[in-house]
There are 2 protein chains.
Amino acid sequence: MKCQTKDFRQEHKKEMRAVQDSMDVLNGKWKIPIISSICFYNKRRFSDILNDIDGISNRMLSKELKELELNKLIKRTVLDTQPVTVEYQLTEHGLTLKTIIDNLTEWGISHRKKIIEE
Amino acid sequence: MKCQTKDFRQEHKKEMRAVQDSMDVLNGKWKIPIISSICFYNKRRFSDILNDIDGISNRMLSKELKELELNKLIKRTVLDTQPVTVEYQLTEHGLTLKTIIDNLTEWGISHRKKIIEE
DNA sequence: CAGGATCCTATACGATACTG
DNA sequence: CAGTATCGTATAGGATCCTG
């Protein structure tokens, strides 16, 4: 069964690149928790996200938020308060990640079961 | 609108942990390409996977395959040939990742468009 | 409050050589 | 063929302190 023609393999390589593109954006320990936190509360301030996520440092939060903004997944809004507060929210494009996050949530739960049951 | 009760937040933390569980399993540069390669061809040998994935070293492939096996996502079968060949295939549990991979593929494509269009 | 600067460690990953 | 062993580098991430 040599239906694995060159076209097929080319198509497969394209798909692999696409998945990797996604993973590049979502990779690291904190991206998804951050998105998840902002998404859950709709709008969320820096210090609130810092509190939502166990163990994250302000250095990492700051860095990751920048990357997410660069990738157009979140929008940053500086509020005119004293002292300044900053609000983050998902862009429309960021919201399209919801399906994936939901899937990952579901799979994570079933995976944990699977591993524990031995 | 203070509907963010403790129960709500607890539920949210659970979900975040679940997503992180998934990401722990899928993290790193190579896990998904490996799964994707095995899945695409159904069964796949070590050296074939090595060729499917641009840039991966045998050291990493070996290491990642072990982790995937530990996580019960793939099954390893030693064939009685001379010299030995080893076949990898997805377990049933591993196959449940397909939805997620498909979603990530789709999202990766749309994300690339989004970023390029500026 | 929302970060930036600095320093440090651990881990991921790559390259190469070797073995049953 | 299917790995293992060894070594070296780069990056991720943590801790702490500083500032407008």
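Just so we're clear, the structure is a prediction, and the values are computed from it rather than from any experiment. Letters A, B, ... are given to chains in the order of the sequence lines, protein chains preceding strands, and every chain is numbered from 1.
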Axis-to-axis angle between the two ends of the helix from C/dC1-D/dG20 to C/dG20-D/dC1 (five base pairs per end, rounded to 10 degrees): 50°

Residues within residues 74-84 of chain A bordering DNA chain C, heavy-atom distance below 4.0 Å: A/Arg76, A/Pro83, A/Val84

Hydrophobic cluster identity match, A/Leu97 and B/Ile109, side-chain contacts under 4.5 Å: no

Derivation of the side chain to side chain contact (heavy atoms under 4.5 Å, CB included) call for B/Leu68 and B/Ile38: CA-CA 12 Å; B/Leu68 292 176; B/Ile38 298 176; 5.7 Å; no

Sequence neighbours excluded, every pair satisfying side-chain hydrogen bond (donor to acceptor under 3.5 Å, both in side chains) that has a member inside residues 97-108 of chain A: A/Lys98-A/Asp102, A/Trp107-B/Thr96

Contacting residues from residues 21-34 of chain A, given that a heavy atom lies under 4.0 angstrom of DNA chain D: A/Gly28, A/Lys29, A/Trp30

Sorted by number, the residues of residues 46-61 of chain B with heavy-atom contact under 4.0 Å to DNA chain D: B/Phe46, B/Ser47, B/Asn58, B/Arg59

Residues in salt bridge (charged side-chain N to carboxylate O under 4.0 Å, His left out) contact with B/Glu11, at least two apart in sequence or another chain: none

Atom-to-atom span, CD of B/Glu64 to P of D/dA2 - whole angstrom: 18 Å

Heavy-atom donor-acceptor pair, A/Lys63 side chain to A/Arg59 backbone, under 3.5 Å: no

Side chain to side chain contact (heavy atoms under 4.5 Å, CB included) involving A/Thr91 - partner list, sequence neighbours excluded: A/Lys75, A/His93

Spatial distance of atom CD1 (B/Ile49) from atom CG (B/Leu65) [nearest 0.5 Å]: 5.0 Å

Whichever of B/Arg45 and A/Lys63 has its nearest DNA chain D nucleotide further upstream toward 5': B/Arg45

For chain B, the stretch of DNA chain C it reaches, first to last nucleotide, under 4.0 Å of its heavy atoms: C/dC13 to C/dA17

Single-linkage hydrophobic cluster A/Phe46~A/Tyr41, side-chain heavy atoms < 4.5 angstrom: no

Rounded distance (Å) that lies between atom C1' of D/dA2 and atom CD of B/Glu69: 13 Å

Hydrophobic cluster membership, A/Ile74 vs A/Phe40, 4.5 Å side-chain cutoff: no

Any residue meeting side chain to side chain donor-acceptor pair (under 3.5 Å) with A/Lys29, in chain and number order, not counting sequence neighbours: none

Under-4.0 Å side-chain N/O to phosphate OP1/OP2 contact, B/Tyr88 with D/dC1: no

Which residues share a side chain to side chain contact (heavy atoms under 4.5 Å, CB included) with B/Asp48, sequence neighbours left out: B/Arg44, B/Arg45

Side-chain H-bond candidate by donor/acceptor type, A/Ser36 with B/His12, under 3.5 Å: yes

Side chain to side chain contact (heavy atoms under 4.5 Å, CB included) partners of A/Asn51, counting only residues at least two apart: none

For A/Arg76, side chain to side chain contact (heavy atoms under 4.5 Å, CB included) partners two or more places apart: A/Glu69, A/Val78, A/Val86, A/Tyr88

B/Lys72 side chain to B/Glu92 backbone, donor-acceptor under 3.5 Å: no

